[in-house]
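Numbers restart at 1 for each chain; the letters A, B, ... are given by sequence-line order, proteins then strands.
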Number of protein chains: 2
Amino acid sequence: MEHGIDFGEILLAFAAALFGAKLFGELAERVGQPAVLGELLAGILLGPSVLGLVPLSDAIFVLAEVGVVLLLFEVGLETNLEELVRVGAPALTVALAGMLLPFAGGYFVTRALGYEPLTAVFVGAALTATSIGITARVLSELKVLATREGQIILGAAVADDVLGLVILAVVSKVAGGGQIDGVTVARSTGLAIGFLVAAIAVGIPLSRRLVHVVGKASVRGMLGAVCVAFALSVAWAAKKADSAPIVGAFAAGMALARTNRRHDIDHALKPVVDIFAPVFFVYVGAQVNVKLLNPFVAENRPALLLGILLAVIGFLGKFAAGFCAWGKVRRAFIGAGMVPRGEVGLIFASVGLSTKALPDRVFVAVLVAVFATTFVAPPLLKLLRPKPA
Amino acid sequence: MEHGIDFGEILLAFAAALFGAKLFGELAERVGQPAVLGELLAGILLGPSVLGLVPLSDAIFVLAEVGVVLLLFEVGLETNLEELVRVGAPALTVALAGMLLPFAGGYFVTRALGYEPLTAVFVGAALTATSIGITARVLSELKVLATREGQIILGAAVADDVLGLVILAVVSKVAGGGQIDGVTVARSTGLAIGFLVAAIAVGIPLSRRLVHVVGKASVRGMLGAVCVAFALSVAWAAKKADSAPIVGAFAAGMALARTNRRHDIDHALKPVVDIFAPVFFVYVGAQVNVKLLNPFVAENRPALLLGILLAVIGFLGKFAAGFCAWGKVRRAFIGAGMVPRGEVGLIFASVGLSTKALPDRVFVAVLVAVFATTFVAPPLLKLLRPKPA
């Protein structure tokens, strides 16, 4: 029962994150912006570099991760698998273009500035990610998740997440001094894609059975708790298969969406997501160190300039990828949906830093690019949105 | 973003806790027992001493603590402050008798067996606690929270928790070689009681204001998130004032219960409690080491025998305390409600172990007594319950 953690600090951080997220979320909506932008800003203010109320501790990390897993579970519940498969080809094209263009741009600019090839590889890789969490949240807020554009963005973001983890596995191996060979790449790719297909194929009959059995139970809150347990299990399996927990949670949601209790599950899940998802967005914002962003401090400027350059490349690469979609769709909106880097870009940057592939200054520049693209996306999506489905 | 924790392990443990809690909860109900008994049993099975799926790690501790804080917040929401004040005198009498009798019994038996006075003080102190979490959960399941008996038990359990923390502060000081003086005891008591009174006095107007302001907001899930943030803040303040977070959360619930949005808040809170409270009960169960309970291992027997003796003393002391209540109430039910020791008894035991006041064998005996009283209470309460209000 004795623990090395201060539960009081966790209570305070959790409370501050919720108050801050809701206050700034409301303010953001009042000025016509998506609430998630306010939650990210609340995170910057509450994080270690300003008020210090929300620390980047293990405990807050756990609450934030639980939040994003539940959020993607809810997004999966609201996703129509057939529709997602129908947009499969354009979504995959957008995803691939959206990885290739920023990677090439980031690599060449970093090389042109005289950095090592390995550094350039990490910078390029960090720019390939798409934050499915932020995108999905904005699409949901704008009520366009069910539009063709929404489905293409979601499909491309999931593909990006799956492929991004393959790239991470490969560049981590390179940074560790390993060799890349076709077998490793093929194995990682097969595993990541295979998991998603298997999770949905096994998940659909399994979730029908589960909902059927649960329907006979009398204990309070059975349906919601068992479905959340199911999502957590698939998220765990995803992690075991070297994929990401959020991809597993999303797959679990899509499987449960095909049962006859979809609306009841969604009803039980929403209040939980309302309380835990904001912790995730505040946690993402809390990672911004505003001190490094002050342009009046001379030594910040090189990293800031490189960061702005990378942000522009990252933005243009993803935005252009949206125009690779076809059919009667608003391509600019799809491009905007691919722009936010969020947490996945941060994971690349921190792996790069810890393996010393990214020098400190370049690390800060990558963070600037990640956050700039994350913050610009919500208002841009709102501006370019198609009519709700 | 790099953390020293394995998020995969947390996902698995969380999923296992939920599945196990709901499965065993349902089975318990099918055999006519409260669901919480099944959740505790699921914890024993899933814990380190049997299956090892739910570790006693910091991350699970955080999720469990969040669960019990939210549970007590919900119990507070369903509690009528006037009714609680009305039963104040009998509740306080029951609480005091329920501390004095087990303490005296535990102290004298331990001394009679030849242990040090300090050891006897810790054993006695560990037997004074009442688990408000388990009691409140059973009362809620039996739908008797609103009866006079339910209110007396709840009031006495809160008083026990508040006074228990005073005792903990005092015995910890003694174990650390410090002196007890009247000033320290008076200061601790005043602080603990003062906090509860202040939290309710300030909390009622504050929560009215909060609900009023939140009513004007348009962001999704505002009311639930802000009220949870309020409860977490009061729980944090309680911890800062050397009281327990659950006491703060309970006070926050009672304050919000007096607003006109009580039912909406309860509605938003229930699904969250359904998912996090089971983690707490599984975590409590997971702390039982079944290996130490095997009577066929000769070296387990002395601790088991002492444990059974302490369990009987702990049971009789609390049960007898119920008969100190007056008015037209079912006294045996009140006594049964005071019996479970749960988490507070464990805190005493672990402080005793870490300060070396409790030898290993006595520590195990105290655990046996804590768990025996915890497990016997739910079926006993069900057996003795009065008619629902």
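Across all their heavy atoms, Phe7(B) and Pro245(A) have their closest contact at CD2-CG, 4.2 Å. Scanning all heavy atoms of the two residues, the minimum distance from Phe230(A) to Phe19(B) falls at N-CZ, 3.7 Å. The minimum heavy-atom distance between Glu26(A) and Lys216(B), with the atom names listed, is OE2-O, 4.4 Å. Scanning both residues, Lys22(A) and Met222(B), for their nearest heavy atoms gives CB-SD, 3.4 Å. In terms of heavy atoms, Ile275(A) sits closest to Ala225(B) at CG1-CA, 4.0 Å. In terms of heavy atoms, Ala229(B) sits closest to Ala15(A) at O-CB, 3.5 Å.
The choice from Ala268(B), Ala217(B), Ala231(B) that makes the most heavy-atom pairs within less than 4.5 Å of chain A is Ala217(B). Contact tally against chain A (heavy-atom pairs below 4.5 Å) for Leu11(B), Val69(B), Val62(B): the top residue is Leu11(B). Comparing Leu23(B), Val226(B), Val214(B) by how many heavy-atom pairs each has under 4.5 Å with chain A, the most go to Val226(B).
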field: From CA spacing to verdict: side-chain contact (heavy atoms from CB on, under 4.5 Å), Leu12(A), Lys239(B)
entry: CA-CA 10 Å; Leu12(A) 182 63; Lys239(B) 193 159 194 311; over 6 Å; no

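Looking at Leu269(A), neither its backbone nor its side chain comes within 4.5 Å of chain B, counting heavy atoms on both sides. Contact of Glu29(A) with chain B is made through the side chain alone, with heavy-atom distances under 4.5 Å. For a residue to count as touching a neighbouring chain, one of its non-hydrogen atoms must lie under 4.5 Å from one of that chain's; by this rule Lys270(A) touches chain B with backbone and side chain alike.
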